[in-house]
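Below: the structure, in structure tokens.
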Amino acid sequence: MAHITKELKLGLESLFKSQKFSDLTITCGSYSFNVHKAIVCAQSGYLDTACRKGTFKEGESGLIALKCVDAEGGDTDASCDDPEAVMLMVHFFYYQDYAAEAVECKGPGPAGEGGATTDGGNLIMHAKVFGTAIKYQVPGLATLAATKFKIASERNHEHADLAEAIQVVYDTTPTDVQDLRDVVVDTLLEKKWLLKKSEIQAAIENINGLACKLLAKTWEANEVKPAETSPKPLAHACKYCSGPVRAADGSGSAAANVG
Amino acid sequence: MPIIAAGTMANAKNQGLNGADVDFETTWGILEKAFQEIHTKNASALSFEELYRNAYKIVLKKKGEELYNHVAQFEESWLGNTVRVEIVRHLTALLMLGEGTGRTMNTQTERREAGERFLKSLKGAWEDHQVCMGMLTDVLMYMDRVYCTDHRQPSIFAKSMGLFRDQILRTPVRQGSPTLLQILTRIILDQIQMDRDGEAIDQFLIKANVYMLEGLYDSDQEVEDDKLYLRTFELEFLHSSAEFYREEGERLLKESDAGTYCRHAKRRIDEENDRCRSTLSESTTPKIQRVVEDELIRHKMKGLIEMETGVAFMVENDKFHELSLVFDLEARVDPKKPELTKAMHKLITELGTNINNTAITASQTPAQPATTEEAGDDAQGKSKGGSAKAINQQTVAALKWVEDILSLKDRFDHVCKASFASDQAVSTAINRSMADIINAFSRGSEYISLFIDDNMKKGIKNKSEAEIDTTLEKAITILRYLSDKDIFETYYKKHLCKRLLLKKSQSIDVEKQMISRMKIELGNSFTLKLEAMFKDMTLSEELANGYRSHVRNLGDVDPRRMDLGINVLTAMTWPLEAFRGAGEHEGNEGKAQVIYPPSIDKVRLGFEHYYSETHSGRRLTWQTNMGDADIKGTFPKSKGGKTRSYDINCSTYAMLILLLFNDLPADQSISLEEIQVRTNISMNDLTRNLQSLSVAPKTRVLLKTPMSREVKAGDRFSFNEGFKSEYIKVKVGVVSAGNKVEGDRERKETEKKNNDSRSFAIEAAVVRIMKARKDLSHAQLLTETISQLSAQFKPDVNMIKKRIESLIEREYLERIEEAPVASYRYLA
């Protein structure tokens with residue numbers, strides 16, 4: 001994403017691989033990453049705070065144990081982490097990118113609910129990575145994941161994973177983070193036939209406020225004159241390939257796309 | 001707690017499926033326990049990951065509001081029940097101080113130490129609170145972000161700071177007693193007072209508490225202007241400081257001298273500046289400075305300047321440093337320095353008026369005109385060198401006046417330079433005051449001219465060029481202040497005329513320098529006539545030389561023929577009345593021609609002939625009263641001696657008189673009346689010349705019978721064969737030759753003449769203006785006339801009005817009848 005020189009890129013990669021000078025260990029589930037505070041704290045507000053000396057335990061120990069969703073004790077709510085997503089986040093710290101495809105091929109993962117094609121599985125993983133990025137305050141990663149999620153949702157809206165992905169989006173981020181929610185609402189309204197699917201209906205039923213939002217958007221869209229439709233898709237695409245994450249109020253521009 | 005109730009209800013509806021209420025209580029339990037640990041400084045065992053995750057979980061479950069309220073409640077009870085109690089425990093001893101007389105503590109040291117203990121405990125509480133809330137903010141990051149932003153609540157950090165303010169500072173220590181904030185304010189003020197009294201205090205401790213007040217706000221809105229520091233402490237501080245400095249200033253004015261006061265005031269200002277930097281807040285610096293300046297300077301400046309040891313005293317005793325302190329103080333509060341300039345003005349006016357009065361007294365002392373003049377005569381007769389005595393008392397007074405004025409100016413110029421950094425405002429005031437006193441003195445113009453006259457005749461003798469330069473500069477300096485420049489011109493012309501004709505000037509070069517300086521200072525028109533006088537002198541010299549060679553070329557050279565030196569003067573340029581004796585009033589025309597002996601008359605006619613050949617159409621009038629002659633006088637040998645001969649220099653009149661005795665046997669005498677008839681010299685001049693020739697002991701070429709000091713009718717004169725002198729050259733003095741202060745009658749005449757010439761100048765100006773403007777209102781005409789004439793003199797408005805009337809009568813102008821304001825029209 002950013003313009004990084006080749007040398008720096010290679011340098012970061014070798015630091016990541018060799019774990020040389022590593023001064024912080026992040027664990028999650030079965031994974032353990034030896035990373036560099038200078039690199040990770042610069043990108044994550046959470047890690048920056050956690051590594052501060054003289055406050056909490058982590059500042060002294062140099063060890064951060066992120067609670068895994070499948071951890072013993074069964075407390076598996078949405079505030080816990082998917083180790084795969086954490087792994088992708090750490091990967092991002094050094095590469096400024098992540099590849100969900102690779103992950104999908106490698107392990108079963110919590111999302112791999114049989115029959116998932118390579119493409120469709122990404123949808124859930126992108127949502128999870130996005131949630132992780134929000135939780136650990138990594139804005140660069142959040143933007144990247146949102147873009148990937150959007151592209152994936154356009155291609156794979158017919159995929160069975162969509163319903164689960166929607167659930168993940170609404171579970172893992174606080175209400176003020178609108179990026180993925182907007183994508184979900186837009187997708188559902190653009191492809192209205194999706195609403196006939198039973199798993200989608202279940203998801204909408206299950207998620208507080210989603211139905212209400214859909215209704216409101218439909219009404220808003222009707223207010224807009226059909227003449228305005230043609231240039232919109234272009235403007236929409238532009239927003240996501242170059243613009244930063246917009247935390248709130250994507251509705252204005254998104255509404256125009258519906259008609 | 002209605003907010004919490006509402007929140008719970010909403011959440012209960014939303015989250016009913018998950019049994020979230022139970023979940024919240026467990027999660028909050030974990031957090032609360034951890035917060036407790038944080039506040040008791042046991043955080044190092046806590047896991048940030050766990051706390052963050054739990055707080056995040058609550059936010060994800062949309063229970064942010066509940067969490068927020070729980071935290072606030074937790075902080076409130078912590079601050080109120082634990083922290084405050086601890087601080088109050090430190091306070092017990094001090095409470096006595098607050099409630100009682102205020103000074104009950106036994107010693108200052110005890111009071112200071114008790115205060116410091118309190119400050120320390122408050123500082124500790126504040127700093128702990130900051131650190132803990134910092135950690136809580138880290139943990140509650142998402143609550144702040146989601147809940148506080150959405151619901152427009154202050155961040156939990158800001159909220160807890162408000163709680164600190166309310167729970168710690170604003171709650172009374174106990175029923176009916178002051179709050180900690182009041183006590184804190186009082187203690188800091190007390191400590192500052194100790195600092196002012198010179199006792200060492202812990203500045204950092206106070207600064208830390210001030211820092212706390214600066215970090216807190218009057219309301220939860222956190223408006224910059226509502227800082228607790230600004231709203232409470234600073235007001236009190238400024239108020240009590242004003243009171244302190246008001247008293248201190250008054251006491252110092254009574255008890256110490258002005259110099260000490262200045263030093264003290266300056267030190268106090270510096271101290272307060274330092275105090276703001278080291279102990280309080282920089283933002284207070286301009287305010288407290290203003291307070292100190294108000295109390296110690298602005299309100300006290302007048303008193304300070306008028307102190308017994310104030311500005312007058314300082315000037316008198318050359319206390320330049322102290323004066324500069326006064327200046328610095330006032331410059332600080334007002335760039336115009338009104339009090340100081342007023343004081344300078346008063347001082348100069350006072351000293352200047354003294355000088356003026358002394359000069360007037362000196363000139364009014366009964367000068368015994370007769371004796372003085374005679375004494376002058378005697379002195380001039382006695383010695384050429386000691387002519388200083390020849391100037392009469394009034395002239396001395398005149399010279400003294402100029403010197404005094406100059407030294408007054410020098411003195412204040414020096415003060416201004418040494419103490420006031422040559423400040424524009426003050427030096428303007430000094431200049432204006434100088435001008436005032438110089439112009440308040442009616443004889444200023446005359447005295448200045450006399451000063452120059454004296455220097456031209458004697459002062460510049462044996463002086464280096466630089467010294468002469470300074471003298472000239474002095475004259476110009478004082479001249480610059482003079483507004484009646486036309487009167488000065490009159491006097492200067494008169495004095496210059498005598499210097500030139502009687503060859504009294506030490507150096508024509510210096511004279512010319514003076515003129516060119518005046519030209520620069522007063523303008524071309526001012527020196528025009530003066531320059532013309534010099535031109536006449538040069539032309540006359542050429543003329544005399546031309547005549548001399550003309551005579552040589554005539555061929556028949558008579559060795560006995562007398563040589564003629566001549567000055568041809570343009571009548572309008574030269575103030576010839578200067579030579580007229582005090583008794584003469586008739587114009588030149590009415591004056592009877594003197595009778596010349598043939599030998600002289602021949603030369604006179606010869607020259608007139610020569611002159612009319614080269615300059616046709618001009619008439620020469622002989623001013624015999626102004627000339628002088630060199631004669632060789634031969635006296636027979638006395639017993640045992642030899643024949644003596646002397647070169648006698650005397651006036652033309654004296655020469656005519658002496659020539660009468662050439663053909664007279666030594667034992668015969670002529671009466672006064674006879675001399676008058678034979679020479680036709682006016683009686684007045686005659687008596688004076690005879691006095692010089694027969695009474696003055698050193699030049700007694702004639703003998704008078706009866707021998708007495710006065711020349712009276714019926715006196716007879718004969719040749720003094722026994723005349724003796726130490727020198728070969730004898731100069732016979734003429735009484736009215738020196739430039740002296742005018743007598744009353746002369747002055748009246750000068751004034752009259754001056755008024756006449758002013759009338760002309762005004763009329764000319766009015767006509768010039770009207771010619772250009774055609775129509776003009778009365779007021780505008782007055783203004784323009786005054787401004788046109790200001791280079792020469794300050795015209796009197798009444799005089800201008802009279803001139804306008806006169807011009808209307810003569811039909812140069814007419815009144816415009818229909819004009820709304822009085823106006824005139826020019827009649828071509």
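Residue numbers start from 1 in every chain, and the chains themselves are labelled A, B, ... in the order their sequence lines are given, proteins ahead of strands.
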Atom [atom1] of [X]: over 12 foreign heavy atoms under 6.0 Å:
X: B/Tyr211; atom1: OH; value: no
X: A/Glu205; atom1: CD; value: no
X: B/Lys120; atom1: NZ; value: no
X: A/Lys197; atom1: NZ; value: yes

Just list the side-chain donor-acceptor pairs under 3.5 Å for residues 130-140 of chain B, sequence neighbours left out, or say none.
{"residue": "B/Thr137", "atom": "OG1", "partner": "B/Met133", "partner atom": "O", "Å": "2.7"}
{"residue": "B/Asp138", "atom": "OD2", "partner": "A/Arg52", "partner atom": "NH1", "Å": "2.7"}

(message) Applying the side chain to side chain contact (heavy atoms under 4.5 Å, CB included) criterion to B/Val146, which one of A/Thr175, A/Thr173, A/Val177 satisfies it?
(response) A/Thr175
(request) Pick one of side chain, backbone, both or neither for B/Ala43, based on which atoms fall under 4.5 Å of a heavy atom in chain A. (result) both
(message) Tell me if a side-chain donor or acceptor on B/Tyr52 pairs with a main-chain N or O of A/Lys135 at a distance below 3.5 Å.
(response) yes
Minimum heavy-atom distance [X]-[Y], with the two atoms named:
X: A/Lys57; Y: B/Ser47; result: NZ-CB, 3.5 Å
X: B/Leu60; Y: A/Pro174; result: CD2-N, 3.3 Å
X: A/Leu66; Y: B/Glu49; result: CA-OE2, 3.6 Å
X: A/Thr172; Y: B/Tyr56; result: O-OH, 3.4 Å
X: A/Phe56; Y: B/Leu46; result: CB-O, 3.6 Å

(message) Need one label for A/Ser61: side chain, backbone, both or neither, based on atoms under 4.5 Å from any heavy atom in chain B.
(response)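 For A/Ser61, no heavy atom lies under 4.5 Å from chain B.
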(request) Determine, step by step, whether A/Ile64 and B/Phe48 satisfy the side chain to side chain contact (heavy atoms under 4.5 Å, CB included) criterion, reporting the C-alpha distance in whole Å, the side-chain angles of both residues, the deciding distance to 0.1 Å, and the verdict. (result) CA-CA 9 Å; A/Ile64 297 176; B/Phe48 176 67; over 6 Å; no
